[in-house]
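Note sheet for the following structure.
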Amino acid sequence: MGEPTRFGIMGCAGIARKVSRAIKLSPNATVVAVGSRNAEKARRFIKDNGLPENTQVHGSYESLLDDPDVDAVYMPLPTSLHLRWGVAAASKGKHILLEKPTALCVAELDQILQACEMNNVQFMDGTMWMHHPRTAKMNELLRQQHSDLFGQLKMMNIIASFYAKPDFLHNNIRVMPDLDSLGALGDLGWYCIRFILWAADYCLPTTAVAFPNPVKNEAGLLLSCGASLHWDNGTVATFHCSFLAHRTFEVAVVGSKGTLTLSDFVNPFDENSAWFTFASESSFKELVDGWKPSLPTNHVVSTELPQEACMISEFSRLVGAIKDGSKRPEMKWPSISRKNQIVMDAVKDSIDKESKPVEIVA
């Protein structure tokens, strides 16, 4: 595999613990530095997460980006800081693995992506489920080897929710307008929109219509919301995301001939395997006293690495190819992130316009 990609972790957010473990598990990546606005916090993060003793401590983000031993940065900063530090990282030649949501709006993301392109660095967002082998298996059934079993995409329904405790609702950065002003839409809605786009083979919908009466906190930040997305061919998708409902991550994708469902699309119940169900050509028995086939097929997909480590491995593979001069940055990933952001912007616009339809423009 060549030399491992050397990561600097920019910020000590809770999710960075999971990703630092993923980097340790990945065969082609290693953590060489941790940066925080407080050096002691970075030092404590290194110790608490079992990182190598020689991991470099940086007491500022600037210092981390100036570290010549860092190839790439993982950036779990609040969304409001992504533009500043994403552009700064790219300008220093650091490849960027950026937590979702990628930006407050597509105009900000475009500035980050432009800086990445100008400096020949790889960009990828941190949507982990994309890299699980289950996703590739589902893709086969929907579009590739067995597309005749699914038919044409017709409708989708996605739910992403968890019941937040009072401390979260008052103190978490995801409910603070100056840090993450997109609230539940940015945190959970991002995943819903990504799955919808993935199922639609990244064909953008033409219209977004927000559900009426979204729930907001006193600062006006979204705690619960949803929307429908529409395509000119009649395909429709609905999603709901909430900090106020039981932990649910349900997906139903319905085609003209088949249906795919799963109940843990963001984070599998078991990190070593994940399942989904698929039914094709379902019908009632002659006397309508049951179904045929009686049950959908349950597909179980095992993985040697958890999905977050699969993400790190793929990102590091791309970075390695750029470092050795054999490849340029893979543009698939920034393109997908940008479409995700475009749709999220349209949903937010429809919410702000009290559920008026908003045209989605690439």
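Note that this is a predicted model, so its numbers are computed, not measured.
Closest of all the heavy-atom pairs between A103 and Q341 is O-NE2, 2.9 Å. Minimum heavy-atom separation, A227 to V347: CB-CG1, 3.8 Å. Closest heavy-atom contact between I23 and I312: CG1-CD1, 3.8 Å. Between L305 and L25 the shortest heavy-atom distance is CD2-O, 3.7 Å. When all heavy atoms of I360 and P205 are compared, the closest pair comes out as CB-O, 3.4 Å.
Side-chain N or O atoms of S161 include none that pairs as donor or acceptor with a backbone N or O of F243 at under 3.5 Å. Remark: the backbone N or O of C203 is paired with a side-chain donor or acceptor of W231 at under 3.5 angstrom. With S256 contributing its side chain and Q152 its backbone, the two residues share a donor-acceptor pair below 3.5 Å. No donor-acceptor pair under 3.5 Å is formed between the side chain of S63 and the backbone N or O of G59. Side-chain atoms of D71 come within 3.5 Å of backbone N or O of R6 as a donor-acceptor pair. Formation of a donor-acceptor pair under 3.5 Å by the N38 side chain with backbone atoms of E40 is found in this model. At least one donor-acceptor pair closer than 3.5 Å links the side chain of S80 to the backbone N or O of L179. Formation of a donor-acceptor pair under 3.5 Å by the T206 side chain with backbone atoms of H230 is found in this model. With R143 contributing its side chain and A199 its backbone, the two residues share a donor-acceptor pair below 3.5 Å. Counting only distance, with no hydrogens or angles, the side chain of S350 and the backbone of A346 share no donor-acceptor pair below 3.5 Å.
A 6.0 Å sphere centred on NZ of K92 holds no more than 12 heavy atoms belonging to other residues, nucleotides or ligands. The number of heavy-atom neighbours closer than 6.0 Å to NZ of K24, taken from other residues, nucleotides and ligands shown, is above 12. Counting non-hydrogen atoms of other residues, nucleotides and ligands closer than 6.0 Å to CD of E314 gives a total above 12.
Counting heavy atoms from C-beta on, the side chains of N28 and S26 come closer than 4.5 Å. Residues F276 and V251 fail the side-chain proximity criterion, which asks for heavy atoms closer than 4.5 Å. With contacts defined as side-chain heavy-atom distances shorter than 4.5 Å, the pair L221/M176 does not qualify. Counting heavy atoms from C-beta on, the side chains of V19 and I9 never come closer than 4.5 Å. Put simply, the side chain of L318 does not reach to within 4.5 Å of the side chain of K327, judged on heavy atoms. In this structure the side chain of K47 never reaches within 4.5 angstrom of the side chain of R43, judged on heavy atoms. Between F123 and L109, the closest side-chain pair of non-hydrogen atoms falls below 4.5 Å. Between V121 and K94, every side-chain heavy-atom pair lies at or beyond the 4.5 Å cut-off.
Residue K348 holds its NZ atom at 11.5 Å from NZ of K353, rounded to the nearest 0.5 Å. The CZ atom of F7 sits 10.0 Å away from atom NE2 of H95, with the distance rounded to the nearest 0.5 Å. The CZ atom of R37 sits 11.0 Å away from atom CD of E62, with the distance rounded to the nearest 0.5 Å. How far CG of N213 is from OG of S355: 7.5 Å, rounded to the nearest 0.5 Å. With rounding to the nearest 0.5 Å, the separation of CZ in R134 from CH2 in W275 is 8.5 Å. Interatomic distance, CE of M124 versus OG of S316, reported as 9.0 Å (0.5 Å rounding).
The residue from W190, F249, Y202, F265 that alone fulfils the ring-ring contact (aromatic ring centres under 6.0 Å, His included) condition with F195 is F265. When each of K18, E308, R247 is checked for a side chain to side chain donor-acceptor pair (under 3.5 Å) with N267, only K18 meets the rule.
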* Check step by step if side chain to side chain contact (heavy atoms under 4.5 Å, CB included) holds for L197 and L204. => CA-CA 7 Å; L197 288 171; L204 282 172; 4.1 Å; yes
* **Full working for side chain to side chain contact (heavy atoms under 4.5 Å, CB included) between Q56 and D69** => CA-CA 9 Å; Q56 185 66 40; D69 292 329; over 6 Å; no
* To do: Check the pair Q122 / E330 against side chain to side chain contact (heavy atoms under 4.5 Å, CB included), numbers first and verdict last.
  => CA-CA 7 Å; Q122 182 65 51; E330 172 59 68; 3.7 Å; yes
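Using a cut-off of 4.0 Å between Lys/Arg side-chain N and Asp/Glu carboxylate O, D180 and R174 are scored as not salt-bridged. Using a 4.0 Å cut-off between charged nitrogen and carboxylate oxygen, E271 and R21 count as a salt-bridge pair. With salt bridges taken as basic N to acidic carboxylate O contacts below 4.0 Å, none links D148 and K257. Salt-bridge check for K100 with D125: failed, with every basic side-chain N at 4.0 Å or more from each acidic carboxylate O.
With sequence neighbours excluded, no residue satisfies side-chain hydrogen bond (donor to acceptor under 3.5 Å, both in side chains) with D48. Partners of S282 by side-chain hydrogen bond (donor to acceptor under 3.5 Å, both in side chains), not counting sequence neighbours: none found.
Note on I159 and Y191: separate hydrophobic clusters, where clusters join Ile, Leu, Val, Met, Phe, Trp and Tyr whose side-chain heavy atoms are under 4.5 Å apart, directly or indirectly.
Between F168 and F162, the ring planes are perpendicular. Angles over 60° get that label, and only those under 30° would be called parallel.
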